[in-house]
Amino acid sequence: MRIILASNSPRRREILSQLGVQYDVIPSDYEEKSENNNPYELVMLFAENKAKSVAESIKEKALVIGADTIVYKDEVMGKPKSKADAAGMLKKLSGSTHSVITGISVIQTPEMKIITDYEETIVRFKDISESEIDAYVRSGEPVDKAGAYAIQGLGSLLVQGIEGCYFNVVGLPVYKLSVILERLGYKILNRDSNAIFCCPD
């Protein structure tokens, strides 16, 4: 079974690699555009369309994984467009809680059987000083991160706690992925290996 990650995200690649999954990367060329402001519907739409854009060109039997992550606090917060934008996001998140929502879609080819779902994690930030925001933005870490922070990096210093899946905040909800795979008839853990996709007995 060929596994394809329809994303060039280094965070998602690292998570799959930690699971011991052998996979190929084919980045999606889907352009994220929608007038839908519902964060749950939005991430599922983007995740599914990312997976579809890759799956439609795959003729062999494969599982294509697409994902999309946003931060939500009163509005959708994607990746910052500039350092000033990143600083503004961090000020808004300071001293409060927000949601990290990831849409995840798995398509089995060539049948194009699709299962799409989402995962939500609540993240609580400490009060962040102006100097801390400035230092964090200057580090460069917020540049390509939804909500302008990375919980697995320096951004961990801003997080007081979370409720829910940690890996979801990183960008790939592992448990939800495993649930979708089992619905398709596959599992990661099996008796022959600690981490490998296989058909269950």
Side-chain angles (χ1 to χ4, degrees), residues 1-30 32 34 36 38-72 76 78 99-123 145-147 151-152 162-201:
M1 172 61 65
R2 186 183 183 195
I3 310 301
I4 299 171
L5 178 63
S7 169
N8 206 27
S9 164
R11 277 79 62 187
R12 294 182 182 127
R13 295 201 311 266
E14 184 177 356
I15 291 172
L16 278 183
S17 296
Q18 286 175 349
L19 292 174
V21 173
Q22 299 296 314
Y23 63 95
D24 297 321
V25 174
I26 303 179
S28 169
D29 59 4
Y30 171 71
E32 298 175 5
S34 176
N36 190 336
N38 182 302
Y40 307 99
E41 295 176 359
L42 192 66
V43 292
M44 289 192 290
L45 173 69
F46 287 169
E48 187 169 309
N49 285 342
K50 286 178 180 179
K52 277 182 180 176
S53 72
V54 172
E56 287 169 352
S57 65
I58 305 299
K59 305 304 180 186
E60 65 194 282
K61 195 168 184 65
L63 295 173
V64 180
I65 302 168
D68 187 76
T69 301
I70 62 166
V71 167
Y72 188 81
V76 172
S99 291
V100 177
I101 308 167
T102 299
I104 183 162
S105 183
V106 180
I107 300 178
Q108 180 176 290
T109 64
E111 302 92 336
M112 293 299 289
K113 184 176 181 180
I114 303 171
I115 298 181
T116 303
D117 206 340
Y118 72 88
E119 186 67 73
E120 180 176 20
T121 303
I122 305 301
V123 181
K145 312 297 191 303
I151 194 171
Q152 73 277 18
I162 70 171
E163 296 176 24
C165 176
Y166 166 82
F167 291 102
N168 179 49
V169 186
V170 180
L172 188 68
V174 171
Y175 175 72
K176 185 56 63 77
L177 174 61
S178 72
V179 169
I180 292 175
L181 290 170
E182 288 191 12
R183 287 175 62 190
L184 285 168
Y186 298 89
K187 59 184 177 181
I188 297 177
L189 288 174
N190 68 82
R191 64 172 177 261
D192 298 319
S193 173
N194 288 329
I196 185 170
F197 282 93
C198 71
C199 295
D201 297 332

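Quick caveat, the model's predicted, so the values are computed rather than measured.
- Considering CG of Leu63 and CD1 of Ile4, their distance stands at 9.0 Å, rounded to 0.5 Å.
- Evaluated for a side chain to side chain donor-acceptor pair (under 3.5 Å) with Thr102, the options Thr121, Thr69, Asp68 yield exactly one hit, Thr69.
- With a 4.5 Å cut-off on side-chain heavy atoms, Gln152 and Tyr166 count as touching.
- Lys50 places a side-chain N or O within donor-acceptor distance of the main-chain N or O of Ala67, the cut-off being under 3.5 Å.
- Expressed to the nearest 0.5 Å, how far CG of Leu19 lies from CG of Leu177 amounts to 8.0 Å.
- A pairwise comparison of heavy atoms in Ser7 and Ser9 identifies OG-N, 3.0 Å as the closest pair.
- You'll find the side chain of Gln108 reaches within 4.5 Å of the side chain of Lys61, heavy atoms only.
- Closest heavy-atom contact between Ala47 and Gly103: CB-O, 3.3 Å.
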**Request:** Test side chain to side chain contact (heavy atoms under 4.5 Å, CB included) on Ile107 and Thr109 and set out the steps.
**Result:** CA-CA 6 Å; Ile107 300 178; Thr109 64; 4.3 Å; yes
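- Expressed to the nearest 0.5 Å, how far CZ of Arg12 lies from CG of Leu16 amounts to 10.0 Å.
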**Request:** Give the C-alpha distance, both sets of side-chain angles, the deciding distance and a yes or no for side chain to side chain contact (heavy atoms under 4.5 Å, CB included) between Ile114 and Ser105.
**Result:** CA-CA 7 Å; Ile114 303 171; Ser105 183; 3.8 Å; yes
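- The two residues Glu56 and Lys59 make their nearest non-hydrogen contact at O-NZ, 3.8 Å.
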**Request:** Check step by step if side chain to side chain contact (heavy atoms under 4.5 Å, CB included) holds for Val71 and Ser99.
**Result:** CA-CA 6 Å; Val71 167; Ser99 291; over 6 Å; no
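- Going from atom CG of Asn49 over to atom CD of Glu32 covers 9.5 Å, rounded to the nearest 0.5 Å.
- When all heavy atoms of Ser28 and Ser53 are compared, the pair lying nearest together is OG-OG, 2.7 Å.
- Of the possible donor and acceptor atoms, one in the side chain of Tyr23 sits under 3.5 Å from a partner among the backbone N and O of Arg13.
- Interatomic distance, CD1 of Ile180 versus CD of Glu182, reported as 11.0 Å (0.5 Å rounding).
- Looking only at atom types and distance, the side chain of Tyr175 has no donor-acceptor partner in the side chain of Glu119 under 3.5 Å away.
- The distance from the CZ atom of Phe167 to the CD atom of Gln18 is 6.0 Å, given to the nearest 0.5 Å.
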**Request:** Would you check, one step at a time, whether the test side chain to side chain contact (heavy atoms under 4.5 Å, CB included) holds for Ile15 with Val170?
**Result:** CA-CA 9 Å; Ile15 291 172; Val170 180; 3.8 Å; yes
**Request:** Tell me, with the steps shown, if Glu120 and Tyr40 meet side chain to side chain donor-acceptor pair (under 3.5 Å).
**Result:** CA-CA 9 Å; Glu120 180 176 20; Tyr40 307 99; 3.1 Å; yes
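- Counting heavy atoms from C-beta outward, Asn168 and Val174 have side chains that stay 4.5 Å or more apart.
- Val64 is not listed as a side-chain neighbour of Val106, based on a closest heavy-atom distance of 4.5 Å or more.
- Counting heavy-atom neighbours within 6.0 Å of Arg2 CZ, excluding the residue itself, gives a total above 12.
- The minimum heavy-atom distance linking Val54 with Ile58 is given by the pair O-CG1, 3.4 Å.
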